[in-house]
Amino acid sequence: MTAHIVTVAEDAHAARRDLPRRFAGQLSVAGEPGYDKGRAALNPRIDARPLIVAEAESPLDVSAAITWARERQLPMTVQSTGHGTHVAAGGGVLLKTSALTRVLVDPDRRVARVAAGARWGAVLAAAAPFGLVPLSGSSPDVGVAGYTLGGGLSWLSRRFGFAADSVLRAQVVLADGRIVSASRDERPELFWALRGGGGNVGVVTSLEFRLYHVPTVWSGSAAFPLERAAAALACYRDWIATAPDELSTAIVLMPSWPSTGRPAFTIRALTSGSPQDAAAALRPLYRVAGTPLWEHFREASFAETRMPGVAPLNFDMIESLPEPVIAHVVDAVRAPGSRVAAVEVRHWGGAMARPAPDAGPIGHRQVPLSIIVEGPPEAAEALAPYATGGTFRNFLRDPSLVASAYTPESYQRLQSVEQRVDPDGVFRIGQESLV
C-alpha cells in the first residue's frame, strides 16, 4: 500500500471526514466541541495540539485509528487518563482510551479484567465486596493501565510485589493494527515487555491481573517535632532490615505541619497483617521520635484507606541513609525561605525484591529506599552523589532518561522487543521511546 503523507498544511477537517468511515468513537479537531477537553492532560503545562483527537469506544476503534495514522505516516500519541502524559502531542492523532472503563471481577479465581481507561477507584469498588484488593497506588483516580505498565508501586507491594508482577494477560493492539493477546504462553516476549516497560510496544486495551484477599488493613500516620527527624532517620536506616513484608512505611518531613504550623515529620505506615504486630514493629521508631504531636491509625478496608503520596518532582533511589543525606533532607525543609513542600523517604524491598524468574523489566528491585524532594530541582542536587542513578518508570518525568529505569540488560532487551513489534516507529512520537 502506498502511504499518503499528511503535511502540516493539510486541512484537519479533511482528516476529520476520512477517519469516521472506520472509527465509531468521538472525533474532534481544533475549533470543534470536545477538542480542548480531549487534548488536555492532568499536567496543565502539557499543551497538546494534535491534528485530531480520537476517543475510542472499543479495541476495534483503537485498531482503526492506528491503521489510519500509520497509512498516512502521522505521529500517534496514546493517552488514557492523562496522569502519565509528559510529552505534548503535536500534530497527528491523539488516541484516547479513557472511554474503555469496563471492570469485571472473578472472585473465585481472584482475578480482575479491566479495560484501559478504568481508574483504580472502580476496581477497588468492584473487588471490595469479596474482600479482595488490587495493587493500586495512593490515589483511586489514577488510571489502571499506565500505572501498571510502568510498574505500579502500591502500599501492598512489599507483601505482594509490583502491580506489573500480578498481570496475567493483556489485550494489545500492535503497530500494524492487529488485536492480539499476550501472556506467559502467548507472545511471551511482548508480555515480558509490557510488565514494567511502559506502552511503547502497543496499545493495551485491557489487562487481566491477580487480586489479593486482604479484608482490612491498618494504616495511618503519626507526627513528631522536626528536631527529632535526624535521629529518627538514622534509626530508620537500620530498622528497615527487620521490617516485616506486611508493613509498608515512609518518613515524610514537612516545613509546616497542617494542624500546628510548625516543622514536623511523620511516620506513615500500612499493614495488611496484625495491627498489634505492626504497632510492636514500629515501637523502636517511636522511642527515638518521641511523643507524637498528632497520631491517627485505624483499621478499614483497603478501598476506604487514603495514604496520600508526595509529588515525585525529584526522585532518587538510594542504598542507605548516610549522615550527609540525613542532614541535607532535614535542612531542606527547615531552612528559612525553603521552597521544599515535603521530603519523603520510603522503604521498598520485600516481595518487590524477590521477582519471579520471568518477571518483567522493572529495574533496581534490590534498592531498599527512595527519596522524593517535592520542590525545585536544586533542592535535590546534593543527593546525587549518594543516589544509585536509577529511577522508577512511573515517576520518570524526563523521557530522555528512560534508560535509567532499567538495568542495562533489560533496557537492551526492551529495545529489541520494540524494534520487532514496531519497526516503523508508530509509537515512538509523543512517548518515552526506547530506540
S.K.: Between Thr407 (side chain only) and Ser410 (backbone N and O only), is there a donor and an acceptor less than 3.5 Å apart?
M.R.: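 Flag set: sc Thr407 to bb Ser410 pair under 3.5 Å.
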S.K.: With rounding to the nearest 0.5 Å, note down the distance linking CZ in Arg354 to CZ in Arg365.
M.R.: 11.0 Å
S.K.: Looking only at side-chain N and O atoms, does Thr271 offer a donor or acceptor that is under 3.5 Å from a partner on Glu246?
M.R.: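 No donor-acceptor contact under 3.5 Å links the two side chains.
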S.K.: Evaluate the side chain to side chain donor-acceptor pair (under 3.5 Å) criterion for residues Ser166 and Tyr212: first the C-alpha distance (whole Å), next the side-chain angles of each, then the deciding distance (0.1 Å), finally the verdict.
M.R.: CA-CA 10 Å; Ser166 291; Tyr212 298 91; 2.4 Å; yes
S.K.: Under the 3.5 angstrom rule, does the side chain of Arg397 hit a backbone N or O of Pro312 as a donor-acceptor pair?
M.R.: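 Judged by distance alone, yes, a pair lies under 3.5 Å.
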S.K.: Any donor-acceptor pair under 3.5 Å linking the side chain of Glu208 with the backbone of Arg113?
M.R.: no
S.K.: Under 3.5 Å, is there a donor-acceptor pair between the side chain of Arg158 and the main chain of Thr249?
M.R.: no
S.K.: Using 0.5 Å steps for rounding, measure from the CZ atom of Arg237 to the CG atom of Leu321.
M.R.: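 One gets 7.0 Å once the value is rounded to the nearest 0.5 Å.
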S.K.: Do any pairs count as a ring-ring contact (aromatic ring centres under 6.0 Å, His included) and have a residue in residues 225-257, sequence neighbours left out, and if so which ones?
M.R.: Tyr236-Trp239, Trp257-Trp294
S.K.: Taking side chain as C-beta onward, heavy atoms only, is Ile52 less than 4.5 Å from Tyr35?
M.R.: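 SC-SC contact between Ile52 and Tyr35 ruled out.
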S.K.: Please name the pair of heavy atoms, one in Ile66 and one in Ala175, separated by the smallest distance, quoted to 0.1 Å.
M.R.: CG2-O, 3.5 Å
S.K.: Counting distance only, does the side-chain N/O of Arg187 pair as donor-acceptor with the main-chain N or O of Ser181 below 3.5 Å?
M.R.: yes
S.K.: Any donor and acceptor pair, going by atom type alone, linking the side chain of Asp424 with main-chain N or O of Val426 inside 3.5 Å?
M.R.: no
S.K.: Checking Phe302 against Ser272 for the side-chain contact (heavy atoms from CB on, under 4.5 Å) test, could you report, in this order, the C-alpha distance in whole Å, the side-chain angles of both residues, the deciding distance, and whether it holds?
M.R.: CA-CA 9 Å; Phe302 187 62; Ser272 55; over 6 Å; no
S.K.: Under a 4.5 Å cut-off applied to non-hydrogen side-chain atoms, are Val252 and Ile372 in contact?
M.R.: no
S.K.: Using a strict cut-off of less than 4.0 Å between a Lys/Arg side-chain nitrogen and an Asp/Glu carboxylate oxygen, indicate whether Lys37 and Glu55 qualify as a salt bridge.
M.R.: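 Glu55 and Lys37: not salt-bridged.
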S.K.: What residues, two or more places apart in sequence or in another chain, satisfy ring-ring contact (aromatic ring centres under 6.0 Å, His included) together with Trp218?
M.R.: Phe297
S.K.: Are the side chain of Asp61 and the backbone of Gly25 linked by a donor-acceptor contact shorter than 3.5 Å?
M.R.: yes
S.K.: Determine the minimum heavy-atom distance between Gly38 and Gln79, stating which atoms define it.
M.R.: O-NE2, 4.3 Å
S.K.: Got Ile371 and Val325 here, is their nearest side-chain heavy-atom distance under 4.5 Å?
M.R.: yes
S.K.: List the steps, then state whether side chain to side chain donor-acceptor pair (under 3.5 Å) holds for Ser338 with Arg334.
M.R.: CA-CA 7 Å; Ser338 171; Arg334 72 180 178 189; over 6 Å; no
S.K.: Give the C-alpha distance, both sets of side-chain angles, the deciding distance and a yes or no for side-chain contact (heavy atoms from CB on, under 4.5 Å) between Val167 and Leu194.
M.R.: CA-CA 9 Å; Val167 173; Leu194 290 170; over 6 Å; no
S.K.: Does Phe315 have any ring-ring contact (aromatic ring centres under 6.0 Å, His included) partners at least two apart in sequence or in another chain, and if so, which?
M.R.: Phe395
S.K.: Out of curiosity, Gln171 CD to Thr205 OG1, how far, rounded to the nearest 0.5 Å?
M.R.: 3.5 Å
S.K.: Distance from Asp176 atom CG to Ser63 atom OG, nearest 0.5 Å?
M.R.: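 Rounded to the nearest 0.5 Å, the CG-OG separation comes out at 8.5 Å.
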S.K.: Do side-chain atoms of Asn314 reach the backbone of Val373 as a donor and acceptor pair under 3.5 angstrom?
M.R.: yes
S.K.: Taking the side chain as everything from C-beta on, heavy atoms only, tell me whether His213 gets closer than 4.5 Å to Leu132.
M.R.: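 With C-beta onward as the side chain, the pair touches.
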S.K.: Mind listing the closest non-hydrogen atom pair of Pro355 and Met352 along with its distance?
M.R.: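 Heavy atoms of Pro355 and Met352 come nearest at CD-O, 4.2 Å.
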S.K.: Which value, rounded to the nearest 0.5 Å, describes the distance between Arg298 atom CZ and Thr305 atom OG1?
M.R.: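 Arg298 atom CZ to Thr305 atom OG1 measures 6.0 Å (nearest 0.5 Å).
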S.K.: Are more than 12 heavy atoms from other residues, nucleotides or ligands located less than 6.0 Å from atom CD of Gln412?
M.R.: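 Counting neighbours around CD of Gln412, 12 or fewer heavy atoms of other residues, nucleotides or ligands fall under 6.0 Å, so no.
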S.K.: Go through the structure and list residues passing ring-ring contact (aromatic ring centres under 6.0 Å, His included) with Phe191, not counting sequence neighbours.
M.R.: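 For Phe191, no residue satisfies ring-ring contact (aromatic ring centres under 6.0 Å, His included) once neighbours in sequence are set aside.
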S.K.: Show, in sequence, the C-alpha distance, side-chain angles and deciding distance for Val53 and Lys96, and conclude whether the side-chain contact (heavy atoms from CB on, under 4.5 Å) test is met.
M.R.: CA-CA 7 Å; Val53 177; Lys96 302 286 294 282; 3.9 Å; yes
S.K.: Do you know which two heavy atoms are closest between Leu226 and Phe265, and how far apart they sit?
M.R.: CA-CD2, 4.2 Å
S.K.: Which heavy-atom pair separates Val103 from Ala118 by the least distance, and what is that distance?
M.R.: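 Here Val103 and Ala118 meet closest at CG2-CB, 3.9 Å.
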S.K.: Does a side chain donor of either Ser183 or Glu186 reach within less than 3.5 Å of an acceptor in the other side chain?
M.R.: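 Short answer, no.
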S.K.: What heavy-atom pair brings Asp398 and Ser400 nearest, and what distance separates the two atoms?
M.R.: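 Of all heavy-atom pairs spanning Asp398 and Ser400, the closest is OD1-OG, 2.7 Å.
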S.K.: Are the side chain of Thr266 and the backbone N or O of Arg268 linked by a donor-acceptor pair below 3.5 Å?
M.R.: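 The answer is no, because no donor-acceptor pair under 3.5 Å joins these two groups.
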S.K.: With a cut-off of 6.0 Å (strictly less than), are more than 12 heavy atoms of other residues, nucleotides or ligands near CZ of Arg102?
M.R.: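 It does not: Arg102 CZ has 12 such atoms or fewer within range.
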S.K.: To the nearest 0.5 Å, what is the distance between OG1 on Thr391 and CG on Asp316?
M.R.: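 So the OG1 of Thr391 and the CG of Asp316 are separated by 8.0 Å.
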S.K.: Checking side-chain contact (heavy atoms from CB on, under 4.5 Å) for the pair Val340/Val329: CA distance, chi angles, key distance, verdict?
M.R.: CA-CA 10 Å; Val340 173; Val329 298; over 6 Å; no
S.K.: Do the side chains of Thr77 and Pro50 get nearer than 4.5 Å, heavy atoms only?
M.R.: no
S.K.: May I have all residue pairs that pass ring-ring contact (aromatic ring centres under 6.0 Å, His included) and include part of residues 327-380, sequence neighbours excluded?
M.R.: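 Those involving residues 327-380 are Trp348-Phe392.
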S.K.: Are the side chains of Leu156 and Leu270 in touch, meaning some heavy atoms are under 4.5 Å apart?
M.R.: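 They are in contact (side-chain heavy atoms under 4.5 Å apart), so the answer is yes.
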S.K.: Looking only at atom types and distance, does a side-chain atom of Arg262 sit under 3.5 Å from a main-chain N or O of Pro225, one as donor and one as acceptor?
M.R.: no
S.K.: How about Val402 and Pro399: do any of their side-chain heavy atoms sit closer than 4.5 Å?
M.R.: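 No. Closest side-chain heavy atoms not under 4.5 Å.
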S.K.: Only one of Glu418, Arg420, Arg413 clears side-chain hydrogen bond (donor to acceptor under 3.5 Å, both in side chains) with Ser416; which?
M.R.: Arg420
S.K.: Can you list every ring-ring contact (aromatic ring centres under 6.0 Å, His included) pair that touches residues 111-156, not counting sequence neighbours?
M.R.: Trp120-Tyr147, Trp120-Phe209
S.K.: If you define the side chain from C-beta out and look only at heavy atoms, does anything of Val133 sit under 4.5 Å from Val217?
M.R.: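 No; the side chains remain at least 4.5 Å from each other.
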